[in-house]
Number of protein chains: 2
Amino acid sequence: MDVDTRLLRYFTAVAEEGTLTRAAERLFVSQPALTKQIKQLEALLGVRLFTRSRAGMTLTEPGRALAARVPELLAGWDRTWREARSAAARESRVLRVGFLASAANEATQDIVAAFTRRRPGWRAEMRQASWGNPTAGLADGSVDVALLRVPFPGQRELRVEVLFAEERWVALPASHRLAEREPIPFRELWDEPFVAAPAESGRWRDWWLAADERDGRPVRVGAVTDQPDEWLSAIANGYGVALAPASAARFYARPGVVYRPVSGVSDTRVGVAWTPADDADPVVQDFVRCCLEHATPS
Amino acid sequence: MDVDTRLLRYFTAVAEEGTLTRAAERLFVSQPALTKQIKQLEALLGVRLFTRSRAGMTLTEPGRALAARVPELLAGWDRTWREARSAAARESRVLRVGFLASAANEATQDIVAAFTRRRPGWRAEMRQASWGNPTAGLADGSVDVALLRVPFPGQRELRVEVLFAEERWVALPASHRLAEREPIPFRELWDEPFVAAPAESGRWRDWWLAADERDGRPVRVGAVTDQPDEWLSAIANGYGVALAPASAARFYARPGVVYRPVSGVSDTRVGVAWTPADDADPVVQDFVRCCLEHATPS
DNA sequence: CGACATCCATGCCATGAGGTTATAGATCCA
DNA sequence: TGGATCTATAACCTCATGGCATGGATGTCG
């Protein structure tokens with residue numbers, strides 16, 4: 001009668017992947033653990049949910065019936081969970097602000113200061129997200145509002161106000177042959193290995209590799225990093241170069257890494273994003289207004 | 001992110017009861033266990049869901065928000081769970097038939113035999129329920145169809161076809177002063193202690209105490225029992241008398257217990273019940289048809 | 001035909017979550 | 001002040017969960 005939602009997630013994972021082994025990888029558990037859990041679910045319901053074969057796991061008729069219902073249940077729980085968490089933040093007068101790396105750079109402090117003035121008693125809690133989480137936690141409800149570089153994957157489901165644009169420069173190892181050039185035509189970087197964001201970040205990754213501005217040439221990826229420090233190390237160690245907002249030269253200065261202007265790539269734009277559910281939330285809207293009033297290109 | 005539905009049930013119980021102690025009783029767990037679980041849920045969400053006081057537990061604002069959503073989630077899971085179980089039964093060609101005590105008495109075997117003829121390959125699995133479960137498992141989806149005495153609590157949400165009526169007699173200790181009388185006017189039993197069903201059975205309990213046919217006189221309860229054997233023992237030991245269908249004289253004969261006709265109480269009627277969700281289920285409908293054709297008053 | 005790859009299943013072990021009982025702490029009431 | 005009525009904490013036990021190693025079935029390829 002009682003189930004853990006984890007068990008249901010396991011079930012849908014197996015149903016979708018079609019094999020225990022692959023589902024186990026996706027869920028970051030061992031395959032025997034999954035075997036046991038699925039068996040338990042079957043015992044609980046008193047049904048065979050899958051037919052086993054060399055090829056993997058295929059849903060039975062009752063299994064299909066279950067698989068049709070479960071995602072909706074999980075989504076329902078996810079919604080109320082998210083709602084409760086944001087209610088919690090509201091209760092303690094905390095606005096959770098996600099950001100990615102240096103998102104709003106110098107403007108950030110002004111925005112936060114303005115917000116604190118407008119909402120005395122409230123606190124803006126800044127949460128840095130890794131690049132593997134390109135909405136900085138908005139998508140999973142762990143923040144109320146986010147400062148991001150647009151475009152980013154998942155943008156469609158969210159509200160975004162663009163704050164300002166900023167040039168994209170390139171970060172190079174200090175010893176690089178182009179380290180003294182200024183500005184560098186992007187064309188000359190086409191064949192360089194690049195330091196990229198992880199695959200999860202999808203479109204966002206491509207945009208920072210300027211995949212659309214290479215005239216169809218393929219990208220060479222020299223390293224994949226998830227965080228600013230790794231990113232800087234990878235560049236300093238010569239694994240590759242990378243595009244970065246101009247402000248990175250100030251926020252992520254490091255021996256062994258130089259930043260140079262680039263010509264021939266489009267600007268990056270910084271935006272503030274929130275979920276449609278918060279369109280009427282006065283605190284979120286206040287924060288957005290503070291962003292629009294106090295964010296200026298650096 | 002993951003929760004056990006048990007945790008959610010615990011939460012709603014505390015929210016509804018208003019104190020941990022009472023909720024713990026209702027859930028059949030100890031109060032410290034509940035304390036821990038509620039704390040865990042709060043930790044999980046990062047919210048205080050209740051404010052504690054000497055008087056008990058009161059929902060906070062986030063708690064109320066959660067309490068508003070959770071019952072729907074639980075109901076959703078309950079539906080799919082039930083669906084899966086009945087899919088399982090269908091898959092293995094088992095019709096689960098609940099019944100209470102001697103519900104359809106002699107007719108039962110005829111019904112089952114007719115069903116087996118009509119649906120070769122299928123098996124009717126008979127499940128006796130205790131009196132604390134007056135729908136014999138229909139309400140919680142553990143059976144597909146039930147043979148019951150009407151009226152019973154929860155009848156509104158179910159479909160019922162009445163099969164036949166039967167007189168109510170009284171079961172008396174053999175040594176009882178009225179044990180030789182025949183028939184006994186019900187009026188003479190008004191002041192006798194009665195052996196009753198547990199409180200959970202609600203309306204059903206009252207009906208077997210003939211609470212409506214006592215001219216407003218209060219009922220004296222001499223013992224509470226949950227099962228036929230306990231019931232028989234209670235009567236044989238002289239804790240009280242009890243109304244019973246006439247067929248009980250054949251099905252529940254026991255030394256020390258005598259059955260006598262009673263005048264002045266209404267008949268009992270036997271029905272077959274199923275859930276509206278199964279209105280279109282051919283197997284359930286076949287069973288119902290078998291009941292209508294083969295059930296005759298004994 | 002035998003070695004290998006690819007599935008799922010099983011056995012054993014360590015860990016942790018959830019339960020129980022006993023008891024402490026707080027607060028109200030007579 | 002003593003008792004009644006809440007919740008919280010401590011100590012302990014049990015069992016489910018997950019990890020690792022390994023077995024068994026089956027298909028594939030040299």
Side-chain angles (χ1 to χ4, degrees), chain A residues 1-64 66-67 70 74 77 81, chain B residues 1-64 66-67 70 74 77 81:
Chain A
M1 180 171 177
D2 281 314
V3 211
D4 197 315
T5 55
R6 184 173 34 82
L7 207 52
L8 299 179
R9 286 192 301 110
Y10 283 8
F11 167 71
T12 51
V14 175
E16 285 172 18
E17 294 290 343
T19 93
L20 281 178
T21 317
R22 274 209 306 277
E25 277 169 26
R26 172 170 139 187
L27 295 166
F28 301 106
V29 295
S30 70
Q31 168 263 312
L34 244 195
T35 297
K36 275 192 279 194
Q37 292 299 303
I38 296 296
K39 284 195 153 179
Q40 175 180 323
L41 183 60
E42 291 182 328
L44 206 63
L45 295 167
V47 208
R48 279 251 127 172
L49 296 171
F50 296 95
T51 56
R52 278 81 164 160
S53 73
R54 67 242 164 247
M57 314 274 283
T58 320
L59 283 168
T60 62
E61 184 51 42
R64 263 195 299 279
L66 191 65
V70 163
L74 289 176
W77 165 243
W81 152 273
Chain B
M1 178 168 178
D2 281 315
V3 210
D4 197 318
T5 55
R6 183 173 33 82
L7 208 53
L8 299 180
R9 287 193 300 107
Y10 283 8
F11 167 72
T12 51
V14 175
E16 283 171 21
E17 294 290 343
T19 91
L20 281 178
T21 317
R22 275 208 308 276
E25 277 169 25
R26 173 170 137 188
L27 295 166
F28 301 106
V29 295
S30 69
Q31 168 263 312
L34 246 196
T35 297
K36 272 199 284 191
Q37 292 300 304
I38 296 296
K39 283 193 156 185
Q40 175 179 325
L41 183 60
E42 291 182 326
L44 206 63
L45 295 168
V47 208
R48 279 250 127 171
L49 295 170
F50 296 96
T51 56
R52 278 82 163 160
S53 71
R54 66 243 162 242
M57 313 274 284
T58 320
L59 283 169
T60 61
E61 183 51 43
R64 263 195 300 279
L66 191 66
V70 164
L74 288 176
W77 165 243
W81 153 272

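The chains referred to below are lettered A, B, ... by the order of the sequence lines, with proteins before strands, and numbering in each begins at 1.
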**OP:** May I ask you to verify if any side-chain N or O of T21(B) is less than 4.0 angstrom from the OP1 or OP2 atom of dT7(D)?
**Re:** yes

Original post:
Rounding to a whole Å, what distance do you find between M57(B):CE and dT5(D):C1'?
Top reply: 15 Å

Original post:
How close do W77(A) and V3(B) get, heavy atom to heavy atom, and via which atoms?
Top reply: CZ2-CG2, 2.6 Å

Each nucleotide N or O in nucleotides 25-28 of chain C that has a protein N or O under 3.5 Å away: list the pair and distance.
residue	atom	partner	partner atom	Å
dC28(C)	OP1	R54(B)	NE	3.0

**OP:** State the CG-CH2 distance between L66(B) and W81(A), to the nearest 0.5 angstrom.
**Re:** 10.5 Å

Original post:
Over how many whole Å does the gap from D2(B) atom CG to dT17(D) atom P extend?
Top reply: 13 Å

Original post:
Going 5' to 3' along nucleotides 10-19 of chain C, which nucleotides have protein heavy atoms under 4.0 Å from the base (write B), which only from the sugar-phosphate (write S), and which from neither (write -)?
Top reply: B-B-----SB

Subject >> Integer-rounded Å distance: dT7(D) P and E42(B) CD >> reply: 13 Å

Subject >> Reported CD1-to-OH distance for the pair I38(B) and Y10(B), which is rounded to 0.5 angstrom >> reply: 9.5 Å

Subject >> N/O (side chain, R52(B)) to phosphate O (OP1/OP2, dA8(D)) under 4.0 Å >> reply: yes

**OP:** Apply side-chain contact (heavy atoms from CB on, under 4.5 Å) to S30(A) and list each qualifying residue two or more places apart in sequence or on a separate chain.
**Re:** P32(A), A33(A)

Original post:
Which pairs with one or both residues in residues 33-44 of chain B pass salt bridge (Lys or Arg N to Asp or Glu O under 4.0 Å), sequence neighbours excluded?
Top reply: E42(B)-R52(B)

**OP:** Would you mind listing every salt bridge (Lys or Arg N to Asp or Glu O under 4.0 Å) that reaches into residues 13-33 of chain B, with sequence neighbours excluded?
**Re:** E16(B)-R26(B), E17(B)-R22(B), E17(B)-R26(B)

Original post:
Roughly, in whole Å, what's the span from CG in L20(A) to P in dG19(D)?
Top reply: 14 Å

Subject >> From T58(A) atom OG1 to R64(A) atom CZ, the distance as rounded to the nearest 0.5 Å >> reply: 9.5 Å

Subject >> Rounded distance (Å) that lies between atom P of dC6(D) and atom CZ of F50(B) >> reply: 16 Å

**OP:** Please list, chain by chain and in numerical order, all residues satisfying side chain to side chain donor-acceptor pair (under 3.5 Å) with T35(A), sequence neighbours excluded.
**Re:** Q31(A)

